[in-house]
Number of protein chains: 2
Amino acid sequence: MPRRNGTGPFWWRGRFKGCGYRLTIPRKAIVDVLDKANKHLSAEDIYLSAHKVYPAIGLTTIYRTLELLVQMGVVFKFASGDGRARYQLSAGPKAVKYHHQLVCTTCGRVIDYADFIDKEKELFSQTEKGLSEKYNFKILNRLVRFYGLCDECSQQRTVTSHKLQVTSHQSPERSKDC
Amino acid sequence: MPRRNGTGPFWWRGRFKGCGYRLTIPRKAIVDVLDKANKHLSAEDIYLSAHKVYPAIGLTTIYRTLELLVQMGVVFKFASGDGRARYQLSAGPKAVKYHHQLVCTTCGRVIDYADFIDKEKELFSQTEKGLSEKYNFKILNRLVRFYGLCDECSQQRTVTSHKLQVTSHQSPERSKDC
DNA sequence: TTGATAATGAAAACCATTATCAATATACAC
DNA sequence: GTGTATATTGATAATGGTTTTCATTATCAA
């Protein structure tokens, strides 16, 4: 039986018509790309994939359609550290309602972790309920990001420190964090 | 008594010399701005403030110095949704080790919340310990961001829906999320 | 099929950030 | 203090992701 909000294979199609927007070939191509992807994509990623299916598509349409989809609540957009936004479907079987990352502030590396999430879930279900009520905010997605130093950069930092010690005229009482 | 890592009023000054970098007027001006700010700032914010103290300063120096400070671990940089990065001191009395935000995906509004943080702290202290060990990652800062619809946009969305219903030729079976 | 209008894509504009490079300021040796 | 090597600076240009513009095309209800 059909569900009220539509979460079946083409749950998003009804949204277009329902909102007074036309369901065109480029738009189908874009949502299809997002639907088939199992991770978040950049606008360019989406462009390249959609281009294979529908070569006439332009990058402008990608951005415009993505904005539309975000407004409709079909797509979730978030800022990744590299200057490019990432997009993913906000519902359906592939939808991920949360992101958990370790971000290295030195090299920019991003580690997506899946550990300890179960413990978090319990806490967040309470927190989200409280926040929703207090701020009357409808929470759809969650991002937990830890910033710091990855294994490699912690080590390199020490190396850099040594190198500086050799080439520099400065005082030797330097810390590890250079 | 002086502390080993330096967290006093000018804790960051030693870092420059310690790392073999010169402590110049522009650099002092930039850190002073960050030190006096009680929230995260964009590069332009910092430029405008530093410019008042030292008008000869250029935007280039702002970016360059910020990068340096991030590398030294003095400044924490993170992506805000609006395409501009934000910066803040990573230590000292004004330093904030965590950010908790509600981000509206429709209007872009950001609500910084301070509720429920105590409960989170307990959980995160465990999670951070586990992650640090597993990935050998030194966690310095934390970002918790909930995406969704703010109060106003939830309501506007309904209004838009009505408007569409009047001006559109489309089927009336539209959802609230347009 | 038609006609009003929504949607498209190429190109230009925009804006935050980065790279280039000649000029300047700094720290150290003397 | 003076000189010298070099780190630092800032104006300018370049970059790259995203948005705007505008003439053309596709869509849908009638």
Side-chain angles (χ1 to χ4, degrees), chain A residues 13 16-31 41-48 50-51 54-72 75 77-87 108 163-164 166-172 178, chain B residues 13 16-31 41-48 50-51 54-72 77-87 108 163-174 178:
Chain A
R13 293 203 173 176
F16 274 97
K17 288 205 167 184
C19 294
Y21 300 122
R22 293 174 182 172
L23 185 49
T24 62
I25 296 167
R27 287 176 177 172
K28 266 185 231 163
I30 290 167
V31 186
L41 299 174
S42 69
E44 197 189 356
D45 292 336
I46 296 165
Y47 172 68
L48 292 173
H51 192 266
Y54 184 70
I57 204 166
L59 190 53
T60 310
T61 300
I62 306 292
Y63 280 108
R64 222 166 0 204
T65 303
L66 285 170
E67 195 193 342
L68 198 64
L69 290 164
V70 168
Q71 292 301 313
M72 289 195 296
V75 160
K77 169 186 179 178
F78 67 100
S80 76
D82 66 359
R84 269 171 290 180
R86 296 301 147 92
Y87 304 84
K163 202 159 66 182
L164 273 170
V166 173
T167 60
S168 162
H169 298 287
Q170 311 304 319
S171 137
C178 292
Chain B
R13 293 203 174 176
F16 274 96
K17 288 204 166 187
C19 294
Y21 300 122
R22 294 175 181 171
L23 186 49
T24 63
I25 296 166
R27 286 175 178 173
K28 266 184 229 163
I30 290 167
V31 186
L41 300 173
S42 69
E44 197 189 356
D45 292 336
I46 296 165
Y47 171 68
L48 292 173
H51 191 268
Y54 184 71
I57 203 166
L59 190 51
T60 310
T61 301
I62 306 291
Y63 279 108
R64 220 167 3 206
T65 303
L66 285 170
E67 195 194 342
L68 199 63
L69 290 165
V70 168
Q71 292 302 311
M72 290 194 295
K77 169 185 179 180
F78 67 99
S80 76
D82 65 0
R84 269 171 289 182
R86 296 300 146 93
Y87 303 84
K163 203 159 67 182
L164 273 171
Q165 204 153 9
V166 172
T167 59
S168 162
H169 297 287
Q170 311 306 317
S171 134
E173 53 149 348
R174 71 191 80 260
C178 292

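A note on names: the letters A, B, ... follow the listed sequences, proteins ahead of strands, and every chain is numbered from 1.
- Distance, B:Y21 OH to D:dT6 C1': 15 Å, rounded to whole Å.
- Regarding A:E67, its CD atom lies at a distance of 15 Å from the C1' atom of C:dT8, rounded to whole Å.
- If you measure from atom CZ of B:R22 to atom C1' of C:dT24, you get 11 Å, rounded to the nearest angstrom.
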| task | Kindly determine whether A:F16 and A:L68 satisfy side-chain contact (heavy atoms from CB on, under 4.5 Å), including the steps that lead there. | result | CA-CA 10 Å; A:F16 274 97; A:L68 198 64; 4.2 Å; yes
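- Remark: C1' of C:dG9 and CG of A:L66 are 15 Å apart, rounded to the nearest angstrom.
- C:dA7 atom C1' lies 11 Å from atom CZ of A:F16, rounded to whole Å.
- Nucleic acid contact for A:Y54: sugar-phosphate only, since backbone atoms but no base atoms lie under 4.0 Å from a heavy atom of the residue.
- Minimum interatomic distance between A:I62 and A:A43 (heavy atoms only, all atoms of both residues): CG2-O, 3.6 Å.
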| request: Taking Watson-Crick and G-U wobble pairs with both distances under 3.5 Å, convert DNA chain D into its dot-bracket string, 5' to 3', dots for unpaired and | for cross-strand pairs. | output: ||||||||||||||||||||||||||||||
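- Residue whose closest nucleotide on DNA chain C sits further toward the 5' end, between A:R27 and B:A85: A:R27.
- When heavy atoms are screened at a 4.0 angstrom cut-off, B:T24 is found touching the sugar-phosphate backbone but no base atom.
- Counting to the nearest Å, the P atom of C:dT18 and the CZ atom of B:R84 are 15 Å from each other.
- Between the side chain of A:T65 and the base of C:dA7 there is no donor-acceptor pair of N/O atoms closer than 3.5 Å.
- When distances are taken from the side chain of B:Y63 to each of C:dA16, D:dT18, C:dT8, the shortest belongs to C:dA16.
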| Derivation and outcome, side-chain contact (heavy atoms from CB on, under 4.5 Å), residues B:L66 and B:K77 | CA-CA 9 Å; B:L66 285 170; B:K77 169 185 179 180; over 6 Å; no
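- Across all their heavy atoms, A:S80 and B:A79 have their closest contact at O-CB, 4.4 Å.
- When the C1' atom of D:dG17 is taken as reference, atom CD1 of A:I62 falls 14 Å away, rounded to whole Å.
- OP1 or OP2 of C:dT18 has not a single side-chain nitrogen or oxygen of B:R64 nearer than 4.0 Å.
- Although no hydrogens or angles enter the test, the distance criterion places a donor-acceptor pair under 3.5 Å between the side chain of A:R27 and the main chain of A:R22.
- Here the nucleotide nearest the side chain of A:T61, chosen from D:dT12, C:dG9, C:dT17, is C:dG9.
- Among all heavy-atom pairs drawn from A:T61 and A:P26, the shortest one is CG2-CB, 3.9 Å.
- Residues B:T24 and B:T65 have side chains not in contact (no heavy-atom distance under 4.5 Å, counting atoms from C-beta outward).
- For B:L23 and D:dA7, the CG to C1' distance is 13 Å, given to the nearest whole Å.
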